[in-house]
Protein chains: 2
Amino acid sequence: MAVERTDAARNRARVLAAAQELFATRGADQVTMDDIAQAAGVGRATLYRRYPDRASIAVALLDEHERALQARMLSGPPPLGPGAPPAERLTAFYAALVDLLEQHVHLVLGTEIGQSRYRTGAYGFWRAHVLSLLREAGTPRPEVLADVLLAPLAPDLYRYQREVLEHPPAQIRETLGDLARRVL
Amino acid sequence: MAVERTDAARNRARVLAAAQELFATRGADQVTMDDIAQAAGVGRATLYRRYPDRASIAVALLDEHERALQARMLSGPPPLGPGAPPAERLTAFYAALVDLLEQHVHLVLGTEIGQSRYRTGAYGFWRAHVLSLLREAGTPRPEVLADVLLAPLAPDLYRYQREVLEHPPAQIRETLGDLARRVL
DNA sequence: CGCCGAAGTGGACACCATGTCCACTTCGCC
DNA sequence: GGCGAAGTGGACATGGTGTCCACTTCGGCG
């Protein structure tokens, strides 16, 4: 891979910082590519050269956080990592996703602009994880149940729970934990 | 209420028929107001006079079907109507919503264009229903659990299950029935 | 049955957001 | 220090929305 030019790296950092701020304060769906370009102090061609759309920017911003979580799921300590029974692992997974949403729900919503949640790489990872837990537990129709159990983690639902219904994250976490224990 | 003029009634019928067809063949999010106006043979001001956006058109198209279902939920025979235990009622509700989505998923998606699912009138009705069943069953944190149990009925998820994963509706229905029985 | 006022109509127009183009600028290798 | 390629930015074109207002149609009333 060719080394990135310093002016390109500087502009990329400015774009991500500007987008992070705009997504957090206004919500990703109320921010235009032009808004981001102006806030970053670059032209639109500069922005489009690196990121084709807002979803790509949101994915870039989330990448580090999601990779860290995925590493903990694959090889961290139980119950998020391997070595705990499926119900405990699913409960820990739910808690971790609630934490991710609490920190970054606006970015997660941003990754879905103009594309389906179900086609994002992250969704594929979560789904594979839950599917493996269901198979281990021997539940019927795990391929259907996996998406049903992931459904409550939709970012638009989380935002509604937190900002409209004003549920504390702890209550959401506990309710999802109850669900995990009843289903597995 | 003033009687509707015959030219207005004729144009409204044409708009709804055109939108029904376009939503079914192309998907609501790929159809413009201009597409609908042209297919209906009316001007855009005529369309906008009656319907401010595509979501309103989809709501108008769904109205009859949703009202019929809501009537059955309120005063039809059990287990969809009153008189069965909560777990049976929730199972019947899930089956009825799967039927509605199987018939009209493109319209339901249309009702969410430009607005959150959670702010639609229909969602409020489903949520009130599920909440009353959870309270009757005495589950903890019913206000949180209600949305969690409604999450698997998201129309974008249903389309993904049917068109990408190719799950038959019967499997979705059975899996949701299992969930209802395990949680209540 | 004809008239009249109000409701209804339609396409030109203005606006907004996206995405591209290409002349110009900057970077980094030799 | 020079040169070629990467990078840049704002003018421009396009598509979709939503409004305007001159014109048309409807239905109630005398």
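Just so we're clear, the structure is a prediction, and the values are computed from it rather than from any experiment. Worth knowing before you read on, the calculation uses all heavy atoms, side chains too, and leaves out hydrogens, waters and symmetry mates. Chain naming here is simple, since letters A, B, ... match the order of the sequence lines and numbering starts at 1 in each.
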Within residues 19-48 of chain B, the residues having a heavy atom closer than 4.0 Å to DNA chain C are B:Gly41, B:Val42, B:Gly43, B:Arg44, B:Ala45, B:Thr46
B:Arg50 has an atom CZ; how far is it from atom P of C:dG8, in whole Å? 7 Å
Distance check needed: D:dG28 P versus B:Asp7 CG, whole Å only. 13 Å
How far apart are the closest heavy atoms of A:Gly27 and A:His106, and which atoms are they? CA-ND1, 4.0 Å
I need the OH-P distance between B:Tyr51 and C:dT9, as an integer number of Å. 11 Å
Any side-chain to backbone donor/acceptor pair from B:Arg117 onto B:Glu112? Under 3.5 Å, distance only. no
Between C1' of C:dT18 and CG of A:Asp53, the distance in whole Å: 11 Å
Between CZ of B:Arg14 and C1' of C:dG10 the distance, given in whole Å, is 13 Å
What integer distance in Å separates A:Ile113:CD1 from C:dA17:P? 13 Å
Which whole-number value in Å describes the distance from A:Arg5 CZ to D:dC3 C1'? 13 Å
For the residue pair B:Tyr118 / A:Gln161, report whether a side-chain donor-acceptor contact shorter than 3.5 Å exists. no
Between B:Arg173 and B:Asp99, does any side-chain N to carboxylate O distance fall below 4.0 Å? yes
Write down the distance between CZ (A:Arg49) and C1' (C:dC21), rounded to a whole number of angstrom. 13 Å
With under 30° as parallel and over 60° as perpendicular, where do the rings of A:Phe93 and A:His129 fit, or are they tilted in between? tilted
Using 4.0 Å as the upper bound for N to carboxylate O, is an ion pair formed by B:Arg89 and B:Glu136? no
